[in-house]
Amino acid sequence: MNKQIITRFPPSPTGYLHVGGARTALFNWLYARHTQGKFVLRIEDTDVARSTQASTDAILEALEWLGIDWDEGPYFQSQRSDIYSEYIEKLLSTGLAYYCTCSRDTLDAMRQKAMETGGKPKYDGTCRNKGLSKTDDAVVRFKAPLTGSTIIKDVVKGNIVIPNAEMDDFIIQRSDGVSTYNLAVVVDDITMAINTVIRGDDHVNNTPKQILLYQALNAPLPTFGHVPMVLGKDRARLSKRHGAMSVTAYRDMGYLPDAFLNYLVRLGWSYGDQEFFTKDELIDKFTLENIGRSPGIFDTDKLLALNAEHIRKSPPVAVARHLIPFLKQRDCEADANEFTQAVILTLSVRSKTLAEMADGALFYYASKITYDAKAAKKFLKPAIAEPLNLLIKALEALDVFDEPSLENAFKTVMETAGMKLGKIAQPVRVALTGKTVSPGIFEMIVVLGQDTVIERLKDAAKFIENRQT
RNA sequence: GGUCCCAUCGUCUAGCGGUCAGGACAUCGGCCUCUCACGCCGAAAACACGGGUUCGAUUCCCGUUGGGAUCACCA
């Protein structure tokens with residue numbers, strides 16, 4: 001009988017949720033959902049000095065936007081110190097850990113010297129066998145094996161062998177009594193029954209330390225999977241100078257969460273040739289076996305293209321929900337009603353972001369159209385006045401206001417005026433939207449409705465008249 | 001510097017000994033067309049290098065080179 005998969009995402013609240021973190025969160029979440037397991041959220045705030053509530057809030061907000069939900073937590077490491085102490089005590093009593101009273105200065109000097117002589121900057125084990133007892137400024141160190149090697153059975157990278165000589169007696173409890181990262185993580189993962197640990201490549205080097213801790217604590221090892229880093233355009237680790245790092249920045253730029261997720265997962269994971277995935281498809285198809293081993297470069301062009309595709313393929317209701325804030329931001333009060341959905345339908349094929357879509361949607365909601373100066377000059381000319389009046393009459397006469405009847409009306413006007421559609425469409429477009437670029441003329445007219453269209457056409461006619469005199 | 005990881009078009013990737021090395025984004029042509037898009041058709045574009053193993057290597061092994069990560073009382 002198979003055990004239920006339990007994964008986790010343990011951000012440290014020292015900043016917003018960034019792209020790389022979002023990806024490991026996503027991998028863990030997808031794997032848990034795919035296997036109908038559990039996904040645990042844990043806030044690693046043992047670094048009291050750098051952890052903030054604001055960061056925690058920002059991270060939760062970002063996860064919520066992405067639609068990554070958790071089954072347990074959030075747990076806070078800062079509230080679990082008793083548990084850590086208990087385990088440290090256990091290690092101390094079995095002789096697998098010891099107190100160390102070496103000062104920071106002597107440690108620094110030691111490292112300095114080691115670097116200069118080309119040696120490894122490791123702790124030299126001064127206090128290892130002194131049998132010291134607790135003092136005010138003592139730290140607790142783990143007694144690591146001096147020889148042999150530790151093997152990480154990594155599901156994405158295969159077996160990784162690290163010589164134990166590479167590791168020193170690392171600190172598991174600071175002099176202020178707070179336990180360090182490696183200890184806290186292991187104790188948490190043991191006590192939370194985490195059996196699958198998927199995390200960034202940058203953790204490979206302390207995984208053997210954690211394995212040693214698991215062994216010392218007599219606990220079963222979880223499955224490890226280290227996913228490669230996300231790099232910037234210059235192949236350096238993604239950082240602020242590569243542009244936006246924060247997940248919510250992408251929300252604010254008008255990306256759909258599902259598009260962002262889709263992009264993120266494809267950066268380091270593949271399913272044959274498939275590029276486009278809905279969230280449900282991802283849950284259905286995500287497995288650890290298909291995670292790639294090489295680091296990937298974050299490519300905003302591809303993200304943008306994928307966003308456009310998601311906008312195109314998502315049902316208008318879903319898009320509406322995310323679009324509304326962008327309209328509000330532009331002083332346009334709109335609801336996710338049928339009208340807005342119809343608006344979205346005309347815009348989705350030509351919008352790469354929600355911001356772009358909002359810009360393009362404003363004319364639908366405007367009470368009065370202001371013409372782009374160049375557009376008006378070029379298209380709202382006296383020569384078009386007559387055809388425009390003919391069109392107004394034709395549209396007023398319509399009982400049914402749908403695309404076929406509109407096309408008929410236009411056709412009649414075109415024949416009477418002896419003009420091609422191209423000649424009349426642009427002036428009408430400017431009259432209705434104020435711009436030269438917009439959705440298709442007929443679909444747009446239908447959405448706008450008979451009254452509004454006629455009103456705007458009459459306004460345009462007036463505009464032309466005034467211009468003549 | 002030590003240790004560890006990685007290496008297919010510019011980018012994300014498929015490939016799991018025999019393929020005209022496939023797809024997507026971006027780029028460049030063309031078609032469609034009421035603008036802009038979408039869509040469609042086409043072009044250009046890659047196995048880092050050197051040794052092995054093998055009848056045969058993009059694929060397996062070793063080395064070189066290049067890139068990345070990490071070496072804290074940070075996580």
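The sequence lines fix the lettering, A, B, ..., with proteins before strands; numbering per chain opens at 1. What you see below is based on every heavy atom in this structure, not just the backbone, and it leaves out hydrogens, waters and symmetry mates.
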List the atom pairs, with distances to 0.1 Å, where a side-chain N or O of residues 406-419 of chain A and a protein N or O form a donor-acceptor pair under 3.5 Å, not counting sequence neighbours.
| unit_1 | atom_1 | unit_2 | atom_2 | d |
| --- | --- | --- | --- | --- |
| T412(A) | OG1 | N408(A) | O | 2.9 |
| T416(A) | OG1 | T412(A) | O | 2.7 |

If we take the [atom1] atom in both [N] and [M], what is their distance in whole Å?
N: rC25(B); M: rG39(B); atom1: P; value: 8 Å
N: rC4(B); M: rC9(B); atom1: C1'; value: 29 Å
N: rU8(B); M: rG15(B); atom1: P; value: 14 Å
N: rG66(B); M: rC49(B); atom1: P; value: 15 Å
N: rC16(B); M: rC60(B); atom1: P; value: 11 Å
N: rC20(B); M: rA45(B); atom1: C1'; value: 16 Å
N: rA44(B); M: rG29(B); atom1: P; value: 15 Å
N: rU13(B); M: rA46(B); atom1: C1'; value: 12 Å

| query | In terms of heavy-atom contacts, does CG of D234(A) have more than 12 from other residues, nucleotides or ligands at under 6.0 Å? | reply | yes

Atom pairs under 3.5 Å: protein N/O with N/O of nucleotides 57-59 of chain B:
none

| query | Choosing from rC4(B), rA72(B), rG2(B), which nucleotide comes nearest the side chain of P121(A)? | reply |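 Within the option list, the nearest is rA72(B).
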
| note | Against the side chain of I171(A), the closest entry in rA14(B), rA75(B), rC73(B) is rC73(B)

Only distances under 3.5 Å count here; give the side-chain donor-acceptor pairs of residues 11-21 of chain A to other protein atoms, sequence neighbours excluded, each with its distance to 0.1 Å.
| unit_1 | atom_1 | unit_2 | atom_2 | d |
| --- | --- | --- | --- | --- |
| H18(A) | ND1 | G20(A) | N | 3.3 |
| H18(A) | ND1 | G21(A) | N | 3.4 |

| field | Listed once per pair and sorted, the salt bridge (Lys or Arg N to Asp or Glu O under 4.0 Å) pairs that draw on residues 257-273 of chain A, sequence neighbours left out | value |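 Qualifying pairs, neighbours excluded: R266(A)-E275(A).
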
| N290(A) or N182(A): which one's nearest nucleotide on RNA chain B is closer to the 5' end? |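 Going by which nucleotide is closer to the 5' end, it is N290(A).
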
What does [X] touch in the nucleic acid at a heavy-atom separation under 4.0 angstrom: a base, only the sugar-phosphate, or nothing?
X: S175(A); answer: base
X: R104(A); answer: base
X: G292(A); answer: nothing
X: R50(A); answer: base
X: T46(A); answer: sugar-phosphate
X: V185(A); answer: nothing

| note | The contact string for nucleotides 23-37 of chain B, one letter per nucleotide 5' to 3', using protein heavy atoms under 4.0 Å with B, S and - for base, sugar-phosphate only and none, comes out as BBS--------BBBB

Holding to side-chain contact (heavy atoms from CB on, under 4.5 Å), I want the full list of residues that pass it with [X], two or more places apart in sequence or in another chain.
X: P295(A); answer: P228(A), L231(A)
X: L362(A); answer: L327(A), R330(A), C332(A)
X: D299(A); answer: K233(A), Y263(A), D301(A), K302(A)
X: V178(A); answer: T46(A), R174(A), D176(A)

What pairs of donor and acceptor atoms, side-chain ones from residues 425-445 of chain A against any protein atom, are under 3.5 angstrom apart with sequence neighbours left out?
| unit_1 | atom_1 | unit_2 | atom_2 | d |
| --- | --- | --- | --- | --- |
| Q426(A) | OE1 | R429(A) | NE | 2.6 |
| Q426(A) | NE2 | T436(A) | O | 3.3 |
| R429(A) | NH1 | S438(A) | OG | 2.8 |
| R429(A) | NH1 | P439(A) | O | 2.9 |
| T433(A) | OG1 | R429(A) | O | 2.8 |
| T433(A) | OG1 | K435(A) | N | 3.0 |
| T433(A) | OG1 | K435(A) | O | 3.2 |
| E443(A) | OE2 | R350(A) | NH2 | 3.1 |
| E443(A) | OE2 | G440(A) | N | 3.0 |

| query | Hey, does the side chain of R111(A) come within less than 4.0 Å of rC73(B)'s phosphate (OP1/OP2), counting only N and O? | reply | yes

| Ionic contact status for R50(A) with D45(A), cut-off 4.0 Å | no

| Are D168(A) and R128(A) close enough for a salt bridge, meaning some N to O gap below 4.0 Å? |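 No.
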
Under-3.5 Å N/O pairs linking protein and nucleotides 62-70 of chain B:
| unit_1 | atom_1 | unit_2 | atom_2 | d |
| --- | --- | --- | --- | --- |
| rA69(B) | O3' | R237(A) | NH1 | 3.4 |
| rU70(B) | OP1 | R237(A) | NH1 | 2.7 |
| rU70(B) | O4' | N205(A) | ND2 | 3.3 |

Output a table of donor-acceptor pairs, distance under 3.5 Å, between side-chain atoms of residues 179-186 of chain A and any protein atom two or more places apart or on a different chain; print 'none' if there are none.
| unit_1 | atom_1 | unit_2 | atom_2 | d |
| --- | --- | --- | --- | --- |
| T180(A) | OG1 | I171(A) | O | 2.8 |
| Y181(A) | OH | H203(A) | ND1 | 3.1 |

| message | Tell me whether K209(A) forms a cation-pi arrangement with F170(A), defined as NZ or CZ under 6.0 Å from the six-membered ring centre and within 45 degrees of its axis. | response | yes

